[in-house]
Visitor: 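Can you keep this structure in mind? I'll have questions shortly.
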There are 2 protein chains.
Amino acid sequence: MKTKILYVEDEPFLGRIVKESLESRELDVHMVMDGLAVLPELEQFLPDLCVLDVMLPNLDGFSVAKEIRQRYPHLPILFLTAKTQVEDVVQGFGVGGNDYLRKPFSMEELIVRIDNLLRMNKNQSFAPVRNTQAIYLGNYEFWPQKFELRLNDQTRKLSHRENELLKILAENRHQTISRKDMLMRVWGDDSFFNSRNLDVYITRLREYIREDPKLQLVTIKGIGYHFITD
Amino acid sequence: MKTKILYVEDEPFLGRIVKESLESRELDVHMVMDGLAVLPELEQFLPDLCVLDVMLPNLDGFSVAKEIRQRYPHLPILFLTAKTQVEDVVQGFGVGGNDYLRKPFSMEELIVRIDNLLRMNKNQSFAPVRNTQAIYLGNYEFWPQKFELRLNDQTRKLSHRENELLKILAENRHQTISRKDMLMRVWGDDSFFNSRNLDVYITRLREYIREDPKLQLVTIKGIGYHFITD
DNA sequence: TTGCAATAAGGTTAAACAAGGTTAATGAAA
DNA sequence: TTTCATTAACCTTGTTTAACCTTATTGCAA
């Protein structure tokens with residue numbers, strides 16, 4: 001499957017050139033022209049990387065990045081902007097950006113920077129969970145697109161929330177994941193009630209993975225969880 | 001423990017300014033002025049990140065980067081150079097660089113870019129304990145990724161704080177570790193209450209390792225602790 | 001130099017508190 | 001009307017705070 005780029009740009013001219021240029025490098029590019037359209041598209045498309053223009057109608061690129069970062073802590077974000085002031089760069093990294101390229105830029109440079117971010121991120125997250133492949137968790141097979149968790153020849157159907165949560169845990173196994181990240185990605189906010197909700201789902205997932213004692217969902221009180229799979 | 005930066009720069013003037021500026025941000029900076037001196041220093045110092053000037057005497061920055069990359073696949077490398085041609089940028093990423101900043105640059109921008117690389121790399125660097133499996137402490141086995149401390153066939157689950165603290169002690173066994181370092185790494189600050197907190201956890205860890213009299217957690221009053229494991 | 005406070009640092013234990021675990025009941029949607 | 005998500009109630013555990021005790025270090029007088 002091709003690497004997927006979500007490209008947010010409101011200048012149609014520049015947009016088309018960049019999009020085509022990236023596509024000619026075997027990247028699957030979706031372009032969005034409005035800040036408000038980014039999050040819905042993101043959830044649909046599940047890209048491997050975002051390229052964001054900063055000046056956008058309705059919702060500026062920095063705000064968009066903040067929202068993205070809340071839900072997807074490891075998704076690489078590259079800003080592409082005419083703002084050349086150092087304060088803008090600082091702000092860009094401050095809201096969770098991972099690179100910042102000033103306009104005008106050369107396509108070559110954009111490409112090597114994209115490649116670099118993808119390379120750095122490869123072992124992180126996100127990317128693993130997508131296509132029709134299974135994720136192996138101890139003796140279990142987890143099929144996130146099918147909402148299924150298998151052990152030998154038993155298959156358990158997962159609900160939407162169960163599936164989302166297990167996906168996040170699986171993507172981030174062997175790292176500590178904050179409760180906040182989980183809440184933002186599964187529920188979209190981290191209010192008190194959703195927080196107790198998360199506890200309920202953690203209990204349920206622990207029950208589902210109980211058959212393999214190698215799988216451990218360790219609580220880190222006050223912080224989050226740590227999923228151990230071997 | 002401070003984050004360590006290896007800075008390779010042959011212009012003494014610029015070098016001093018950048019070094020001091022980074023040090024004022026609580027980074028531990030070693031500066032090297034010759035391409036050939038980089039690898040030995042690297043192995044000694046084991047930095048968390050390298051900042052490389054490209055034009056160097058004896059061995060240029062790109063070649064140095066290639067060597068570094070061979071040995072340390074995940075160590076972040078940031079190029080800092082007067083070369084502004086796109087081909088140079090492409091080459092920089094091609095040899096394994098992770099960011100490329102053109103001279104003249106602002107200190108602010110360098111700092112946010114360094115922070116960004118460190119943040120992105122957090123979970124896969126080559127720091128001493130992270131990639132290790134078990135750490136053997138006398139008759140005990142300590143599995144920091146699993147939050148487990150084993151003796152023969154008994155396994156004790158450690159809490160987050162217990163685990164962090166034992167990790168620091170284990171990493172620094174046979175050296176004196178200051179209370180301040182421990183507090184900063186486990187609690188993030190060294191206020192009075194956390195300080196008493198540390199005492200409580202030290203007591204607890206002493207109880208956990210009591211079965212092997214070779215293990216001694218020696219108090220050095222007014223300074224810190226010294227963990228003896230044989 | 002010895003001996004003896006005085007003080008500060010840390011040790012130990014238990015209580016208080018907050019975070020999360022568990023289970024069941026309620027509510028909403030298909 | 002069954003399934004899933006949410007809310008609620010009650011329980012367990014880790015972390016922090018507090019109180020009291022022990023040990024090292026310091027300063028000073030004999």
Side-chain angles (χ1 to χ4, degrees), chain A residues 144 146-149 155-169 176-210 213 215-228, chain B residues 144 146-149 155-169 176-210 213 215-228:
Chain A
K146 298 186 174 173
F147 296 74
E148 282 177 5
L149 184 62
T155 297
R156 182 194 295 275
K157 269 277 171 199
L158 299 177
S159 80
H160 172 242
R161 300 260 130 126
E162 291 164 354
N163 194 63
E164 277 306 295
L165 191 55
L166 187 54
K167 201 154 82 180
I168 295 166
L169 291 166
T176 299
I177 319 150
S178 77
R179 285 178 71 85
K180 179 139 199 245
D181 286 355
M182 293 191 264
L183 285 163
M184 290 310 295
R185 272 191 63 187
V186 180
W187 282 273
D189 80 286
D190 62 341
S191 63
F192 170 76
F193 276 120
N194 285 333
S195 184
R196 299 318 317 276
N197 226 319
L198 173 59
D199 301 331
V200 173
Y201 277 89
I202 290 287
T203 299
R204 205 167 297 166
L205 287 183
R206 280 191 174 131
E207 191 193 323
Y208 294 176
I209 62 173
R210 202 174 36 193
L215 297 188
Q216 301 238 57
L217 196 36
V218 179
T219 307
I220 298 169
K221 233 176 183 178
I223 314 247
Y225 295 89
H226 193 113
F227 191 21
I228 299 169
Chain B
K146 297 188 173 183
F147 299 77
E148 282 176 5
L149 184 61
T155 297
R156 182 195 295 277
K157 268 275 169 202
L158 299 177
S159 81
H160 169 58
R161 301 271 195 231
E162 292 163 354
N163 193 63
E164 280 305 297
L165 191 54
L166 186 54
K167 201 155 82 180
I168 294 166
L169 291 166
T176 300
I177 319 149
S178 77
R179 286 178 68 85
K180 178 142 199 235
D181 284 356
M182 292 190 264
L183 284 163
M184 292 308 294
R185 276 192 56 191
V186 181
W187 282 273
D189 78 284
D190 62 341
S191 62
F192 169 75
F193 274 121
N194 285 334
S195 183
R196 299 318 318 277
N197 227 321
L198 173 59
D199 302 330
V200 173
Y201 276 89
I202 290 286
T203 300
R204 205 169 297 167
L205 287 184
R206 282 191 174 130
E207 191 194 322
Y208 294 175
I209 61 173
R210 203 174 37 192
L215 297 187
Q216 301 249 50
L217 196 36
V218 180
T219 306
I220 299 170
K221 230 176 183 178
I223 314 256
Y225 295 89
H226 192 112
F227 190 21
I228 299 172

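Protein chains get the first letters and strands the later ones, always in sequence-line order, with residue 1 at the start of each.
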Visitor: Using a 6.0 Å cut-off, check whether atom NZ of B/Lys157 has over 12 heavy atoms from anything other than its own residue.
Guide: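 Check passes, neighbour count above 12.
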Visitor: Is B/Tyr225 close to B/Leu165 at the side-chain level, that is, under 4.5 Å between some pair of heavy atoms?
Guide: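 In short, these two side chains do not touch, never coming nearer than 4.5 Å.
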Visitor: Expressed in angstrom and rounded to an integer, what is the separation of B/Asp189 atom CG from D/dT15 atom P?
Guide: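 About 16 Å, once rounded to whole Å.
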Visitor: To the side chain of A/Phe193, which of D/dT6, D/dA8, D/dT15 is closest?
Guide: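 Looking only at heavy atoms from C-beta outward on A/Phe193, the closest nucleotide is D/dA8.
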Visitor: Return the value, rounded to whole Å, for the distance between atom NE2 of B/His226 and atom P of D/dA24.
Guide: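 It works out to 17 Å between those atoms.
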Visitor: Quick check on D/dT15: is either OP1 or OP2 less than 4.0 Å from any side-chain nitrogen or oxygen of B/Ser159?
Guide: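 Checking D/dT15 against B/Ser159, a side-chain N or O does come within under 4.0 Å of OP1 or OP2.
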Visitor: Check the orientation of A/Phe147 and A/His160. Use parallel for under 30°, tilted for 30 to 60°, and perpendicular for over 60°.
Guide: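 A/Phe147 and A/His160: tilted rings.
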Visitor: On the nucleotide D/dT16, are OP1 or OP2 found under 4.0 Å from the side-chain N or O atoms that B/Trp187 carries?
Guide: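 Answer is yes, contact under 4.0 Å.
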Visitor: What's the spacing between A/Arg206 CZ and A/Gln216 CD if we round to 0.5 Å?
Guide: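 A/Arg206 atom CZ to A/Gln216 atom CD measures 9.5 Å (nearest 0.5 Å).
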Visitor: For a quick check, with a 4.0 angstrom heavy-atom cut-off, what is the B/S/- contact string for nucleotides 4-13 of chain C, read 5' to 3'?
Guide: ----BBBBBB
Visitor: Rounded to whole angstrom units, what separation is found between the CD atom of B/Glu207 and the P atom of D/dG14?
Guide: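 One finds 13 Å between P of D/dG14 and CD of B/Glu207, rounded.
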Visitor: Mind calculating the distance between CD (B/Glu164) and P (D/dT15) to the nearest angstrom?
Guide: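 Answer to the nearest Å: 11 Å.
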Visitor: Would you give the length of the straight line joining atom CG of B/Asn163 to atom NZ of B/Lys167, rounded to the nearest 0.5 angstrom?
Guide: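 Going from the CG atom of B/Asn163 to the NZ atom of B/Lys167 covers 6.0 Å.
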Visitor: Less than 4.0 angstrom between a side-chain N/O of A/Asn197 and OP1 or OP2 of D/dT6, yes or no?
Guide: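 Checking A/Asn197 against D/dT6: at least one side-chain N or O falls below 4.0 Å of OP1 or OP2.
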Visitor: Flag this pair as yes if the NZ/CZ of A/Arg196 is under 6.0 angstrom from the six-membered ring centre of A/Phe193 and inside a 45 degree cone about the axis; otherwise no.
Guide: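 The answer is no, since A/Arg196 fails at least one limit relative to A/Phe193.
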Visitor: Write down the distance between CD (A/Glu162) and C1' (D/dT6), rounded to a whole number of angstrom.
Guide: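 One finds 14 Å between C1' of D/dT6 and CD of A/Glu162, rounded.
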Visitor: Calculate the interatomic distance between B/Leu205 atom CG and D/dT15 atom P; express it in whole Å.
Guide: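 Distance, rounded to whole Å: 11 Å.
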Visitor: Rounded to whole Å, how long is the line connecting atom CZ of A/Phe192 with atom P of D/dT6?
Guide: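 Atom-to-atom, A/Phe192 to D/dT6, this comes out as 14 Å.
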Visitor: Mind calculating the distance between CZ (A/Arg161) and C1' (D/dT7) to the nearest angstrom?
Guide: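 In whole Å, D/dT7 C1' and A/Arg161 CZ are 14 Å from each other.
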Visitor: Could you state the interatomic distance from CG (B/Leu158) to CD (B/Glu164), rounded to the nearest 0.5 Å?
Guide: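 That separation rounds to 11.0 Å.
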